[in-house]
Each structure stands twice: as structure tokens, then as C-alpha cells.
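Heads up, the thing below is written out as C-alpha cells.
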Amino acid sequence: MELVRLSGIAKTYNSVDPVSALREIDLSIEQGSFVSLQGTSGSGKSTLLNILGLLDQPDSGSYVFQEREMMTSSEAVRTSLRARDIGFVFQSFHLLSHKNAIENVATGLLYRDDSLFENRELPEMALESVGLSHRKFHRPAELSGGERQRVALARAVVGKPKLVLCDEPTGNLDRKNANLILSLLRSICDEGITVIIVTHDREIADSASDRYILDDGRIAKR
Amino acid sequence: MRLKRIGGEAYLNLARTFRKSILTSSGIAIGTCILIVVVTLSQTSSAHLNQQIDSFNVNSLTVQSASEIPINAKSESIAAHFPEVTASGRAWMVTALTPISLFTSDEINGANVVQSPVFAASPGGLRAIGAQVSSGRLFDTGMALRRENVVILGTLLSRELGIALVMAPRVLFIDGQPYSIVGVASNFNGFPLAATGVIVLPHSVKSILSSNLNTLGSGAQYSPTLFIHTRPNWATAVASRIAFALSPRNVSGLVVSSPANTYLLSHVIAQTTTRFLIALALLSALFGGLVIGNTLYLSALTRISEIGLRRALGAKRIDIWLQFVAESLLLSFAGSVVGISIGEVGLVTFTSLYGWVPVERWTLPLEVLALGVAVGLIAGLIPARTAARIEPVRALQR
Ligand SMILES: Nc1ncnc2c1ncn2[C@@H]1O[C@H](COP(=O)(O)OP(=O)(O)OP(=O)(O)O)[C@@H](O)[C@H]1O
Ligand SMILES: [Mg+2]
């Protein structure tokens, strides 16, 4: 089943000079696939990921997510889709420093329905799935970089989303930790969650089921 | 439910920067503390003040001349004819500074001379101004009729001269002229300045003034005031009729100060002072709000990436807005509660030291609390708007 369909997506930033970050992007992503996105710096990878994650609106084109047109949807609809169906993993983790590991995982449910938010088992299970049950009460400052990214990963999947978007999740990690994150992403994917990963890491990119390359705002399959 | 969750996030965020939160809310705390102290104290002290004024003024009034109409012995006896009047008489300041000594000019060697004001009072005047003997006696009508040269010392001057007790007759020299000391008096309710000088009978005034003119070259003649003491609560009634009785042809030539005037005046003064202090307290509460607003605004700017993350996790703009408003409310609420508590503890201590009973309506702490929270709410609006407007894309860029 098709989860994402982009057609003719374009995005221009109007700052000092207009920058065409994306031009005429067509892309179709099947549910449960593992997609890698490569490209030189400034080629528009993060811009595309933000549009896919409903954090940003393109200037033109069509974005169908779960068979719904996103271009004409209200902000409320897109916000609730973001809460329910989309998880994010960032290069710089973005954990809340005043919360411990389990609380950070639980923030993935903060803006969900009561029944989910009050379910104390979901965060426990998510933290266990990334192998960090023994670090439950550690604050981010008391965790290694790899452990922090695993907490962030647990936060992204705790609400059982359809789509997990990762923007260079291993950019700050060494080989060993990068491989660990990759294998965790693979097992997430095996549960039927679609994973889209922006990466400079050739090894990770090659392990994906679908590989794309962005070049100056244009996309090509590899 | 969602509100409770967002309130929890607000609380957690404040708790992580606990010290900063304390500093941030201290402005509101100070403002509400001052406010509650000022309002309560002003009510307490004005209640206290009114009691004093009541006890002293509801039975006394004064008449002064604003024209050629003389205030003299005849005025005294006219006033005494009122059945409600219990004492009436003249009193006034004769000279501001006159050399006074216990020795004749032959014995004087400079150090023993005191410069002091001289007052004059008729026997009735002494009683009407509330003079009380602490030693010896007051003037009587016989002394006035016999035109005796007698003097009464005010307590302050008596201490300065070292005459606390008047056992045997002693002589006092006012500008070189001898007077017999008959007593020491204090508690001049209507004429408190009298405690600083000597009081002579009206018939002595002329000689003191003339000799003073010789020695000092000046001697302002202060005009007599007629002091009238009435039965309790009759002062206002007497005040309305006394001018006509004293000067039927020219009623407006006399100035009658009735207790109502004094009462009103002191009331107005107290009220103005209170208003001014309340304005100051409100200002400091507003300032406290400004501190909260400013801190939260900075906080919104330093927490851009956190806000972006929350938006990515599905927070609506209103959720972010609510969290900031909740933080502002929590800060101002905690600050107000602390400020009001400190204020109340201070008030209880202060008033018990003075033996006063604090006068405070029971809703006052709630009113001040509401005010403090309202200030915090308003202060939080701009930061909350700023935070809610932060775009998640830009916030997550780093
Ligand atoms: N907010 C913005 N305002 C203006 N220009 C922007 C903005 N964000 C990105 N750009 C520009 O758009 C282009 C694409 O940016 P984007 O962040 O998508 O690149 P990227 O492929 O993620 O690069 P990197 O690998 O360095 O992260 C760049 O040329 C960048 O300068
Ligand atoms: Mg990027």
C-alpha cells in the first residue's frame, strides 16, 4: 500500500535571494519500506523531510499522505497527523534536558489522547526495545551520544506511528553506535513502520530497500 | 486533561530552573507584600487615629479672630454661659523666645539663661486646653483677679530648668522680672507646644511684651485663641452657635474650628497618603509582572528548539501558548502567595508590637492574590504569543 505520494513538489525559500530548495519532486513510498535519501549539503534533503513530516508546506505540487491530500488540509489536521502517525529522529537528538530517559520517551505521547498518555507501559516497552531499560532514570547529560539517540528513537516510535523520519541520525555517532541505530531502525521497519532516513553514511544508505539521491532540489532513484 | 498535562510541563520547566524561578517571581512577591501591608496598615492606623481624634476632639473646639473682633475675658464668660460648655478660656503664644532664668540678672552668668517661649492663658483657658498638673497647682480665678505675677512651667522646660517638683514657693525670672512658680503642667491636648515654655496670666502679657521689645527689639503679638471644652459630643452643636453669641453683627469675623473639620482633615490626609502608598505598591506589582514577562520572553527565545520539538511531537500552537501562560500564572501565583504570607506575618508582628488590632477585611488577601495572578497573566501574554509563533522547521534546524 502506498503511504506517501509526492507529485510536482516545489519549495523556494525567500530570504536574501530566493533559493529553490526543491524543484518538481515526484516520489512514491510504500508502507513498510526502508528509504534512504542522500545528497550533497544544501541539496534539499532536510527541506524534503520537513515537508514529508508536515512541519513545512511546499509552494506547489501535491502531497498525499495515507490517501489524504495534505496541501489543502488545515493546520489542525496536519498537527494531529504529526502527533499520531509521524515520528522524528534528529541528528542532535533534541531530548529535554530536565527529563530523564523514560520521561523523554513519554513526551512522544504528551500530545496524544488520554488513554495513550496515561499508559505507563508504552514508554517502558519502547525504552526496552532500544535496550535502555537500565538507564530509565538517567538524564540526557548522563547518557552517551549513542544512548541519547536510542532514547530519541524510542520517543519516535512510542506512539506506534506509520512513518519515522530520520535526519542524519548517525551524524554525531561513531561506527559502532551508527550500526546499532541502523539495526534498531531495521527492526522498527520490520514491524511495518515506514522509515525514511537522510544520511551521508554510504553503508546505511546501501542497506535501504529504496535509495534516492537529491541533487540541487531534484530527486533520482539509485 | 490536556490542560493538566500542559500545566505539568510548565511546572517541570519552572522546577528545573528553580532558583531562576524564585528570582523571577520575587518582583510579584514584593509587590503583593507591600500592597497587603500598606492597605492593612493604613486601615489599622486610620482606625486607631480616628479613635484618638474622637476621644479628644468630640468635646472641644476653638475660636479665633479673623478681624477686629477681640477675643477677651468677655468672650470667655459668654462661652461659659452655654450649658454644654464645661470649660472655656483663652490661651495664646506671647513671645517665641524670651530669656528665662531661676536667678536675678545680678546672679546670671550666661549659662543659666534658657531661651523659651512664653504663653498666656486664663485659668479657664488652662483647663480648656487640657492642662494637667504634675506638681503644684494651676492658676485659679483669685490669682487672676488679684493680678498676681505667677507662672506655670511646661514639663519640658521644667526638666530643662531642673524643677520637677514645686514644693515651696520659688521665683522665676522672665526677662529679669520675677514671677512665682505655682506649678508644673503637662498634657496640653489642645496646645501641645505649651510644654516647651512658661505660661503666665493674661494681665502679665503687656509687661513681658514691652520689656521684650526693649531687649529683643521685636515681639510679635500672637492673637488669643478661645478654647472651649464641652460635654461629650456637644462640640459640634456649640460650634454652630458660638460665633453668633460672641459677635452677632459680624459672624464671619470669627473662625470656629469644630471637631468635624479636624476629623475630616486628618481623614483626608490619611486617605491621600494611603492612596499614594497603594499606587507605589501597585507600581511595584506591575514591575514584578514586567520581570516575569521579560524572563519568559527570553525563555521563549532560548527554548526555540524545545518548542520546535514539541510542535514536531504534535503540540498545537495553542498548547505552546498555554504552557507559557501556565508558567506565568504559576510564577505569579507562587510569588503572590509568598508575598502575601510574608506581609501577613510582618503585619501581625508589627501591630502586636504597638498593641494595635489589625483592621483587615478577610477578602483582602484574596483580592491581592487575584491582582498578582492577573498581572502575571498579562505579563505572560506576549511571551506566550512569541513562543506559539515559532515555526517548528526553523526551531529544529540545529
Ligand atoms: N530557512 C531557510 N531560509 C532560506 N534558505 C534556506 C532555509 N533553509 C534551507 N535553506 C536553503 O535551502 C537549501 C536546502 O537546504 P536543506 O537544509 O534542505 O539542505 P540539506 O540537504 O539538508 O543540507 P545538509 O546536508 O547540509 O543538511 C540550501 O541551499 C539552504 O541554504
Ligand atoms: Mg539537512
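The shown structure was predicted, so the numbers you read here are calculated from the model rather than taken from an experiment. Numbers restart at 1 for each chain; the letters A, B, ... are given by sequence-line order, proteins then strands.
- Between B/Gly314 and A/Ala83, the shortest heavy-atom distance links the atoms CA-CB, 3.6 Å.
- Interface with chain B: from residues 54-81 of chain A, residues A/Leu55, A/Asp56, A/Glu75, A/Thr79 qualify, criterion being any non-hydrogen pair under 4.5 Å.
- Within a 6.0 Å radius of CZ in A/Phe117, more than 12 heavy atoms belonging to other residues, nucleotides or ligands are found.
- B/Leu309 pairs in a side-chain contact (heavy atoms from CB on, under 4.5 Å) with only one of the listed residues (A/Phe93, A/Phe90, A/Phe88), which is A/Phe90.
- Within a 6.0 Å sphere centred on CD1 of B/Ile382, heavy atoms belonging to other residues, nucleotides or ligands number 12 at most.
- The neighbour count for A/Tyr13 OH, taken as heavy atoms of other residues, nucleotides or ligands under 6.0 Å away, is above 12.
- At a heavy-atom separation below 4.5 angstrom, chain A is approached by B/Arg5, B/Glu9 within residues 3-10 of chain B.
- Only the side chain of A/Leu96 comes within contact range of chain B, with at least one heavy atom under 4.5 Å from a heavy atom of that chain.
- Within the structure, every pair that satisfies the salt bridge (charged side-chain N to carboxylate O under 4.0 Å, His left out) test and touches residues 14-40 of chain B, not counting sequence neighbours, is listed here: B/Arg16-B/Glu306.
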From CA spacing to verdict: side chain to side chain donor-acceptor pair (under 3.5 Å), A/Tyr111, B/Arg2: CA-CA 8 Å; A/Tyr111 302 100; B/Arg2 199 167 173 113; over 6 Å; no

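- Proximity to chain B among residues 139-173 of chain A is limited to A/Arg155, judged by heavy-atom separations below 4.5 angstrom.
- When A/Asp113, A/Thr107, A/Asp114, A/Ile86 are compared by the number of non-hydrogen pairs under 4.5 Å with chain B, A/Asp114 comes out ahead.
- Taking every heavy atom of both residues into account, B/Ser305 and A/His94 meet most closely at CB-CE1, 3.6 Å.
- Across all their heavy atoms, A/Leu110 and B/Arg310 have their closest contact at CD2-NH1, 3.4 Å.
- Neither the backbone nor the side chain of A/Glu103 comes within contact range of chain B, judged by heavy atoms closer than 4.5 Å.
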